[in-house]
Every structure is written in structure tokens, then in C-alpha cells.
Amino acid sequence: MKIVMLGAPGAGKGTQAKMIADKYSIPHVSTGDIFRANIKEGTALGLEAKSYMDQGKLVPDELTVRILLDRVAKDDCKNGYVLDGFPRTIPQAEVLKDALAKQNDKIDFAIDVDVPDENIVKRMSGRRACVTCGATYHIEHVPPKKEGICDKCGSELILRDDDKPETVLNRLKVYHEQTQPLIDFYNKEGILKTVDGTIDVKDVFANIVAILN
Ligand code: AP5
Ligand code: MG
């Protein structure tokens, strides 16, 4: 099963993608997590990505596509995957579609986690993220068992550099201009499913599972 998660920054793509990955035993592939891991390790890729991410801009398609295609070519992706944060532009979606078509393959579901802009900025300021495994928490809605520590891997939780309110507003603007058109793209492909992302995390997940089953 191959799934694409759509939705605004902070809609809960990562939260739901991790739950899907666990339930269906497929890898969770997040371009944002790959970039953050590279930033943490100080690689050249990380340095380049950071200059865009800190401004709330998209990392250029050419670079992002290369990273993503490399990742999904790995062995663990052969039975499917859940993509979180990719594609984010129409050209990225076209490249993915063409690459899969060459292997007689396709994306099965595009799940749009729908959350209005008003809810987003508030959510982001409460988010805490694990730099080691990418797990996300929220100080009110999804707190870790021990404050500041990841339940899954025991690493320290941080407030992401791009979660400052002014950067979040720019990410939302970029989302509406460049990423939202993908909703129409996948609707035309006949695989778009929309879920309400404003309800409780568990209920959003139950609705997604109902779609995937
Ligand atoms: P990326 O890491 O993908 O960030 P994003 O799309 O902005 O999305 P977020 O990770 O911020 O939000 P999310 O939807 O995963 O929400 P989460 O589950 O954490 O990308 C970062 C940057 O990298 C981009 O800006 C860009 O520069 C670059 N980049 C990445 N991919 C790229 C690409 N393909 N092309 C070009 N550039 C790219 O949830 C948010 C918060 O809400 C959490 O605190 C969570 O606990 C809480 N929450 C979740 N669900 C609920 C709920 N139902 N109710 C209450 N709280 C909830
Ligand atoms: Mg995320």
C-alpha cells in the first residue's frame, strides 16, 4: 500500500503517518524528518535545506525529489510506504507519478488531513519534536509521559526552529500557493480522501483506517 499524506503544516500528517506506519508495518517517509536529521548531523544537504526551512520556504524540487526517490528505492519500501510532506508541489507529484508508472505502480491513497488556518498557529507553538526519531508531541493535546523526553526513544524533545509564529505564517502561505493544488491533482487521479483533522488524534486515525480498509 502506497499512501500520500496531504495537509497544511501542523495538520497532523506526521502524527497520523506514524500511526499508519505502525499499524500496516510500512515505513514512514518524511522529507522534513530526512532534512532535520541531516541538519542535526551537519551534512551539506542539511546546511542547504536549513537555509530554506528556517524561512518557511520549500527546499528546491530538484534536491527534494532526488532524496525522496533514493529513499523509496530502498528495500524496506518494496511493500509500500506512507509519504509525509512529499509531494508538496505539482512538479514533485508528477515526478513521483512517472517514477512509479515506470514500474507499473501507483499511489493508492492521498489522504488530506483538513485543519483550518486558525487552528494551526496555536497548535505549532505547543508542538515538541524528537530530533532523533521524529516523533511529535503537543504539550496539551499529546503530552509525552515525561516532560521534555521522547516516549519512544528517550531523546530530548525540542521546539522546532520553524515553529516560530512568523515562520508558521509563511509556511501556511507557501502551503496555500504551492501545495494545496495537489488536492485537486489527486482528486483528478480519483484517489483523494479527506478527513477532518480538528477532532481527537485517535478519532482522526479511526477515520483513516476506515478508508484504508
Ligand atoms: P515538514 O516537516 O513536512 O513540516 P510541515 O508540512 O510544515 O508539517 P509539520 O511537520 O509542521 O506538521 P504535521 O502535519 O506533520 O503535524 P504534526 O503531526 O507534527 O517540513 C518542514 C520543512 O521542510 C518545510 O517547510 C520545507 O522547507 C521542507 N520540506 C519538507 N518536505 C519538502 C518537500 N517535499 N519539498 C520542499 N520542501 C520540503 O502535528 C502538529 C502538532 O499538532 C503536534 O504538536 C501534534 O501533537 C498536534 N496534533 C496532531 N494532531 C492533532 C489533533 N487531531 N488534535 C490536536 N493536536 C494535534
Ligand atoms: Mg510533520
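In listed order, ligands and their atoms are each counted from 1. Quick note: residue numbers are just sequence positions, from 1.
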Leu58 contact mode with ligand 1 (heavy-atom cut-off under 4.0 Å): both
Proximal ligand 1 atoms for Arg36, defined as those under 4.0 Å from one of its heavy atoms: 2 (O), 21 (C)
Sub-4.0 Å heavy-atom contact, Gly126 with ligand 1: no
Geometric N/O contact Asp84 with ligand 1, under 3.5 angstrom: no
Separation of Asp84 CG from Leu6 CG (nearest 0.5 Å): 10.5 Å
Those residues that, when tested against Glu189, pass side chain to side chain donor-acceptor pair (under 3.5 Å) (two or more places apart): Lys97
Closest to atom 1 (P) of ligand 1 among Arg128, Arg88, Met124 (heavy-atom distance): Arg88
Geometric N/O contact Gly14 with ligand 1, under 3.5 angstrom: yes
From CD (Glu147) to CZ (Arg128), nearest 0.5 Å: 8.5 Å
Per-atom contacts of ligand 1 with Lys57, taking only distances under 4.0 Å to non-hydrogen atoms: 26 (C), 27 (O)
Backbone or side-chain N or O of Thr31 under 3.5 Å from ligand 1 N or O: yes
Donor + acceptor pair across side chains of Asp114, Thr194 (<3.5 Å): no
Ser30-ligand 1 polar pair, N/O distance under 3.5 Å: no
Min N/O separation Val59 to ligand 1 under 3.5 Å: yes
Heteroatom proximity flag, Asp162 to ligand 1, N/O under 3.5 Å: no
Under the ring pair (Phe, Tyr, Trp, His ring centres under 6.0 Å) test, residues paired with His176 that sit two or more places apart: none
Per-atom contacts, ligand 1 versus Ala8 - under 4.0 Å to a heavy atom: 14 (O)
Polar proximity ligand 1 side, Ile199 side, N/O cut 3.5 Å exclusive: yes
Shortest non-hydrogen contact between Ala93 and Leu182, atoms and distance: CB-CD2, 3.6 Å
Geometric N/O contact His141 with ligand 1, under 3.5 angstrom: no
Sub-3.5 Å N/O-N/O distance, Gly10 and ligand 1: yes
Within-cut-off N or O pair, Val142 and ligand 1, under 3.5 Å: no
